[in-house]
Amino acid sequence: MILLKTAADLRRHLLQLASTGDSIGFVPTMGALHNGHLSLIEASKKANAVTVCSIFVNPTQFNDPKDFEKYPVTIENDIALLEKAGTDILFLPSVNEIYPNGTSHLPAYPLGYLETILEGKYRPGHFQGVCQVMDRLLTMVDADQLYMGQKDYQQCMVVQQLINYRQFKVKLLPCPTLRETDGLAMSSRNQRLNATERQQAVAVSQALTMVKNEIAAGNPAPLLQKAEQMLRDNGFKVDYVAIGSAADLRPITQWDGQQPLVTLAAAYLNEVRLIDNMLIP
Ligand code: AMP
């Protein structure tokens with residue numbers, strides 16, 4: 001694995017590869033890697049000659065400064081995992097490399113209603129930050145295929161909107177969520193849970209599974225209240241439990257029993273905010 005820290009070095013390497021016509025798969029991450037991240041690397045390796053992974057904890061997407069400060073950093077372990085997984089290039093830029101003119105006058109992206117609901121509503125500015133960094137990274141990496149996790153369902157939609165808006169040639173391939181054996185969605189933030197919180201954390205996937213199993217045609221609101229109560233009973237402070245159209249996340253107030261849905265939750269266990277979602281069916 002080659003480790004590169006500047007966009008210029010990355011471009012030089014990728015230009016050489018482009019001349020041979022090799023396809024490039026790209027997996028952007030914020031590090032503190034787990035098997036969920038590695039499943040994206042694996043998907044990219046299966047379909048591309050070259051897999052590039054980036055690790056960059058993007059300051060502009062953290063609406064809560066404490067969350068940024070406490071974001072886990074395990075770079076040596078990450079490098080070992082990426083090497084073992086057969087990653088070809090690790091791009092490890094500094095903040096200055098991504099934002100050479102600072103972070104205070106970055107462009108705003110037209111995200112419409114997507115940034116007014118769910119994560120957009122509860123984390124103001126978060127998706128603008130995601131677009132700022134992804135715009136820079138996609139320009140620098142110039143990949144053919146982009147691998148991102150359905151774990152961040154709304155983020156996949158936002159990034160697809162960015163790709164359309166900027167007319168990037170890259171194809172976004174959302175990949176399934178990897179879970180621990182008890183059902184907890186793998187996440188870098190799980191490292192911040194103590195033993196008691198780790199046991200409570202499984203309630204998120206249990207609540208979403210309950211919604212998925214019990215939903216019937218009609219108004220899903222009572223079911224969502226039941227799911228919220230399950231989370232509160234396990235010590236969570238709930239931001240939302242919601243059901244939206246799988247295609248565009250528009251809220252569903254009367255389900256016809258047919259339309260593909262996604263149920264999503266975000267909730268705090270003390271200081272740690274967990275998110276998860278499940279497709280229905
Ligand atoms: P992050 O480092 O949290 O920014 O995540 C980097 C990429 O990994 C994003 O596309 C995430 O959606 C994806 N990801 C995070 N957790 C999982 C998981 N449990 N399963 C699959 N992909 C994941």
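We number each residue from 1, following the sequence as shown. Whatever order the structure lists ligands and atoms in, that order sets their numbers, starting from 1. Because only heavy atoms are used, hydrogens play no part in the values below, and waters and symmetry mates are left out as well, while side chains stay in.
Only side-chain heavy atoms of His34 come within less than 4.0 Å of ligand 1; its backbone N, CA, C and O stay farther off. If you look at Cys156 next to ligand 1, there are no close heavy atoms at all, none under 4.0 Å. With a 4.0 Å heavy-atom cut-off, ligand 1 is reached by the side chain of His37 but not by its N, CA, C or O.
Few gaps surround CD on Gln254; more than 12 heavy atoms of other groups in view lie less than 6.0 Å from it.
Between Tyr109 and Tyr165, the ring planes are perpendicular. Angles over 60° get that label, and only those under 30° would be called parallel.
Taking each of Gly31, Ala32, Ser187, Gly149 in turn, the one with a heavy atom nearest to atom 22 (N) of ligand 1 proves to be Gly149. Within the set Asp152, Thr177, Asn190, the minimum heavy-atom distance to atom 11 (C) of ligand 1 is found for Asp152.
Under the 3.5 Å distance criterion, the side-chain polar atoms of Gln154 are matched with a main-chain donor or acceptor of Leu114. In this structure, Asn219 contributes its side chain and Pro222 its backbone to no donor-acceptor pair below 3.5 Å. Distance alone, capped at 3.5 Å, places no donor-acceptor pair between the Asp88 side chain and the Val52 backbone.
Annotation: side chain of Asn164 is in contact with side chain of Gln160 (closest heavy-atom distance under 4.5 Å). Within the 4.5 Å cutoff, the side chain of Leu14 has heavy atoms near those of the Ile24 side chain.
In terms of polar-atom proximity, defined here as any N/O pair under 3.5 Å, Ala185 makes no such contact with ligand 1. Residue Met30 places at least one N or O, backbone or side chain, under 3.5 Å from an N or O of ligand 1. Considering backbone and side-chain atoms together, Leu40 places no N or O closer than 3.5 Å to any N or O of ligand 1. Between Ser39 and ligand 1, not a single N/O pair is under 3.5 Å apart.
Screening Arg12, Arg11, Lys5, His13 for a side chain to side chain donor-acceptor pair (under 3.5 Å) with Asp9, the sole residue that qualifies is Arg12. A salt bridge (charged side-chain N to carboxylate O under 4.0 Å, His left out) with Glu271 is found for one member of Lys70, Arg189, Lys237 and no other, namely Lys70.
For atom 20 (N) of ligand 1, the nearest non-hydrogen atom of the protein is Leu178 N, 2.9 Å. The closest protein non-hydrogen atom to atom 21 (C) of ligand 1 is Pro176 O, 3.4 Å. Among all protein heavy atoms, the one lying closest to atom 3 (O) of ligand 1 is Tyr71 OH, 3.7 Å.
Remark: ligand 1 atoms within the under-4.0 Å shell around heavy atoms of Pro28 are 6 (C), 7 (C). Annotation for ligand 1: atoms under 4.0 Å from non-hydrogen atoms of Met186 are 16 (N), 17 (C), 18 (C), 19 (N).
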